[in-house]
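Down below is the structure, laid out as structure tokens.
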Amino acid sequence: MRRIGVLALQGSFIEHIATLKRLGVEPPAVKLPKDLVGLDGLIIPGGESTTIGKLATTYKLIEELKRLGEDGLPIWGTCAGMILLAREIEGDSQTRLGLMDIAVERNAFGRQVESFEADLVIPALDGVSSEEEKGKSFRAVFIRAPSVKRVGEGVEVLAALDEGVIVAARQGNLLATAFHPELTEDNRFHRYFLNLVEL
Amino acid sequence: MSHRSKICRREYDMEREKSTWTVKKGLAQMLKGGVIMDVVNADQARIAEEAGAVAVMALERVPADIRSEGGVARMSDPQLILEIMEAVTIPVMAKVRIGHFVEAQVVESLGVDFIDESEVLTPADEEHHIDKHLFKVPFVCGCRNLGEALRRIGEGAAMIRTKGEAGTGNVVEAVRHARAVLGGIKRLQALPPEELMSAAKELGAPYELVKEVAETGRLPVVNFAAGGIATPADAALMMQLGLDGVFVGSGIFKSEDPPRRAKAIVEATTHYDDPAIIAEVSKGLGKPMRGLEISEIPEEELLAPRGW
């Protein structure tokens with residue numbers, strides 16, 4: 001059985017773990033470096049990126065996660081997780097892994113009253129969609145969400161809002177979404193990530 | 001702005017559905033496993049953020065001071081709330097009085113991320129809580145038992161917390177309320193469907209919510225601990241009991257070394273099931289806030305019985 005760890009320092013890790021279990025994957029919670037042994041992939045959940053970054057630093061996870069990501073371990077960050085994966089955080093020097101060649105803006109849409117749901121068209125999900133799901137939009141939940149301001153070469157844009165704001169991207173083994181697939185029943189993004197793990 | 005771009009703007013806005021139930025309770029889900037700290041000004045907010053708080057709660061005075069000074073406790077000065085919002089990047093919550101929907105309108109207009117309709121402040125209405133469905137911003141409310149939790153959710157609360165007994169540094173009431181809620185859920189799960197209507201009547205809670213809790217075995221929203229948490233071990237205790245996260249009020253800024261204690265409580269909340277880490281972070285933290293024995297508080301000075 002595949003083992004996809006979920007960083008469980010803070011945030012929506014229980015939701016990710018529940019979705020992975022339904023997909024028949026073993027999802028160990030990761031809180032300390034020893035929990036990173038023997039993983040086939042890792043999810044960094046939504047939550048507060050400053051909190052997760054501080055705890056990851058104090059408990060010596062940052063260097064280890066960087067090394068694993070550079071060695072090709074598939075890592076998916078949702079919301080706060082995307083911020084931690086980014087090489088650049090606009091106007092901020094907070095802790096990050098800096099693995100993905102993207103620049104993100106925190107709270108890009110504003111405060112909580114500006115949080116929203118939207119239907120996204122994501123062609124990349126067709127590969128994991130059943131006949132029934134093909135062409136169906138993805139209900140994306142954005143909560144005090146970041147957005148991707150710039151992507152480097154080798155970064156594939158997976159989804160954008162109508163006006164062109166990038167909200168999902170992939171760079172090889174790394175996946176980032178500004179929204180929260182773990183908050184909905186639609187598990188196509190989780191299956192998409194499992195495909196990266198199988199590659 | 002040209003006519004054309006105005007139309008475009010409107011199209012985008014129509015696509016984005018804001019303030020849905022998913023979005024409201026979703027923010028609470030993002031706070032799970034974290035610590036929300038009471039702060040009275042921007043300096044305290046910065047200390048909280050630096051320590052790893054997932055959010056800060058703006059209020060006029062911390063509960064321990066409300067308790068000792070007496071008088072009517074109200075929402076914070078809007079100026080102070082704005083300064084706190086300016087000082088940190090994490091979510092900012094603000095307390096309003098039970099039933100005081102205008103205070104809620106005011107703090108919503110400031111742009112806070114969450115409103116706490118709180119028994120810690122002096123109630124404005126002794127019979128009715130705020131109709132929280134009317135607001136765009138999500139609400140958190142206190143409870144002592146399952147019925148009270150479900151009444152607040154019925155009114156639109158997107159997050160629940162135990163009341164505990166704020167400003168005492170004594171965790172006993174928070175434990176009592178947590179066990180009452182979680183035990184109440186277990187009892188509902190054991191009931192056959194035909195008994196759920198009577199259960200709803202006894203709980204004084206909406207039938208649909210009672211049914212949902214009996215089926216899922218959990219509250220439909222995130223459930224935090226609050227009221228009397230003063231040490232890293234207190235926070236871990238509430239997490240091991242099964243709550244989703246922790247509010248700390250007076251416990252931090254009424255202690256000898258707030259930055260260190262705040263950081264220690266954050267770490268103990270994450271590593272709540274690892275006693276060696278809780279021991280490590282608890283070392284040499286200095287004096288905690290001075291606690292109060294609940295039985296020594298005159299009944300009329302207890303905060304938890306406020307609201308219903």
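Lettering follows sequence order; numbering is per chain, from 1. Since this is a predicted model, take the numbers as computed values, not measurements.
The distance from atom OG1 of B:Thr22 to atom CZ of A:Arg139, rounded to the nearest 0.5 Å, is 8.0 Å. Put simply, CG on B:Asp113 and CD1 on A:Ile143 are 11.5 Å apart, with the number rounded to the nearest 0.5 Å. Taken to the nearest 0.5 Å, the CD atom of B:Gln29 stands 12.0 Å off from the CZ atom of A:Phe13. The structure places CD1 of A:Ile14 at 4.5 Å from NZ of B:Lys32, a figure rounded to the nearest 0.5 Å.
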Stepwise side chain to side chain donor-acceptor pair (under 3.5 Å) check, A:Glu117 with B:Thr20: CA-CA 8 Å; A:Glu117 298 179 46; B:Thr20 62; 2.4 Å; yes

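When heavy atoms are compared at a cutoff of 4.5 Å, B:Val88 does not approach chain A at all. Using a 4.5 Å cut-off between heavy atoms, A:Thr58 contacts chain B through its side chain alone, with no backbone atom that close. Of the two parts of B:Val92, the backbone and the side chain both hold a non-hydrogen atom closer than 4.5 Å to a non-hydrogen atom of chain A. Residue A:Ile52 does not touch chain B at all, counting heavy-atom pairs closer than 4.5 Å. The contact between A:Glu114 and chain B is made by backbone and side chain atoms together, counting heavy-atom distances below 4.5 Å. In this structure, no portion of B:Lys25 lies under 4.5 Å from any heavy atom of chain A. Residue A:Val141 touches chain B through its side chain alone, counting heavy-atom pairs closer than 4.5 Å. Only the backbone of B:Ala53 comes within contact range of chain A, with at least one heavy atom under 4.5 Å from a heavy atom of that chain. Both the backbone and the side chain of A:Ser12 come within contact range of chain B, each with at least one heavy atom under 4.5 Å from a heavy atom of that chain.
The two residues A:Gln112 and B:Pro138 make their nearest non-hydrogen contact at CG-CD, 3.6 Å. Closest non-hydrogen pair, B:Glu267 versus A:Leu55, comes out as CG-CD2, 3.8 Å. Annotation for B:Val54 and A:Glu48: closest pair O-CG, 3.2 Å, computed over non-hydrogen atoms.
Dense packing is recorded around NZ of A:Lys134, with more than 12 heavy atoms of other residues, nucleotides or ligands lying under 6.0 Å away. Counting non-hydrogen atoms of other residues, nucleotides and ligands closer than 6.0 Å to CD of B:Gln240 gives a total above 12. Applying the 6.0 Å contact sphere to CZ of A:Phe138 captures more than 12 heavy atoms from other residues, nucleotides or ligands. For A:Glu198, the CD atom is densely surrounded, since the number of other residues' heavy atoms within 6.0 Å is greater than 12.
Electrostatic pairing of B:Glu50 and A:Lys54 counts as a salt bridge here, judged by a charged N lying under 4.0 Å from a carboxylate O. Taking the charged nitrogens against the carboxylate oxygens, B:Asp274 and A:Lys31 have no contact shorter than 4.0 Å, which rules out a salt bridge.
A:Thr51 contributes a side-chain N or O that, together with a main-chain N or O of B:Gly52, makes up a donor-acceptor pair within less than 3.5 Å. In this structure a side-chain-to-backbone donor-acceptor pair under 3.5 Å is present from B:Thr270 to A:Leu9. Under a 3.5 Å cut-off, the side chain of B:Arg16 and the backbone N or O of A:Phe116 do not form any donor-acceptor pair. Of the possible donor and acceptor atoms, none in the side chain of B:Glu15 sits under 3.5 Å from a partner among the backbone N and O of A:Asp162.
The residue among B:Val137, B:Val222, B:Ile277 with the most heavy atom pairs within less than 4.5 Å of chain A is B:Ile277. Comparing A:Arg106, A:His180, A:Arg144 by how many heavy-atom pairs each has under 4.5 Å with chain B, the most go to A:Arg144. Chosen from B:Lys24, B:Lys263, B:Met30, the residue pairing most often with chain A at heavy-atom distances under 4.5 Å is B:Met30. The most heavy-atom pairs under 4.5 Å with chain A, out of B:Thr89, B:Leu31, B:Thr269, come from B:Thr89. Counting heavy-atom pairs closer than 4.5 Å to chain A, the top-ranked of the candidates B:Lys136, B:Glu49, B:Met85, B:Glu108 is B:Met85.
For residues 37-60 of chain A, the set of pairs meeting the ring pair (Phe, Tyr, Trp, His ring centres under 6.0 Å) definition, not counting sequence neighbours, comprises A:Tyr59-B:His271.
Listed in order of number, the residues of residues 61-89 of chain A that approach chain B to under 4.5 Å between heavy atoms amount to none.
Contact check for B:Lys18 versus A:Ser115: no side-chain heavy atoms found under the 4.5 Å cut-off.
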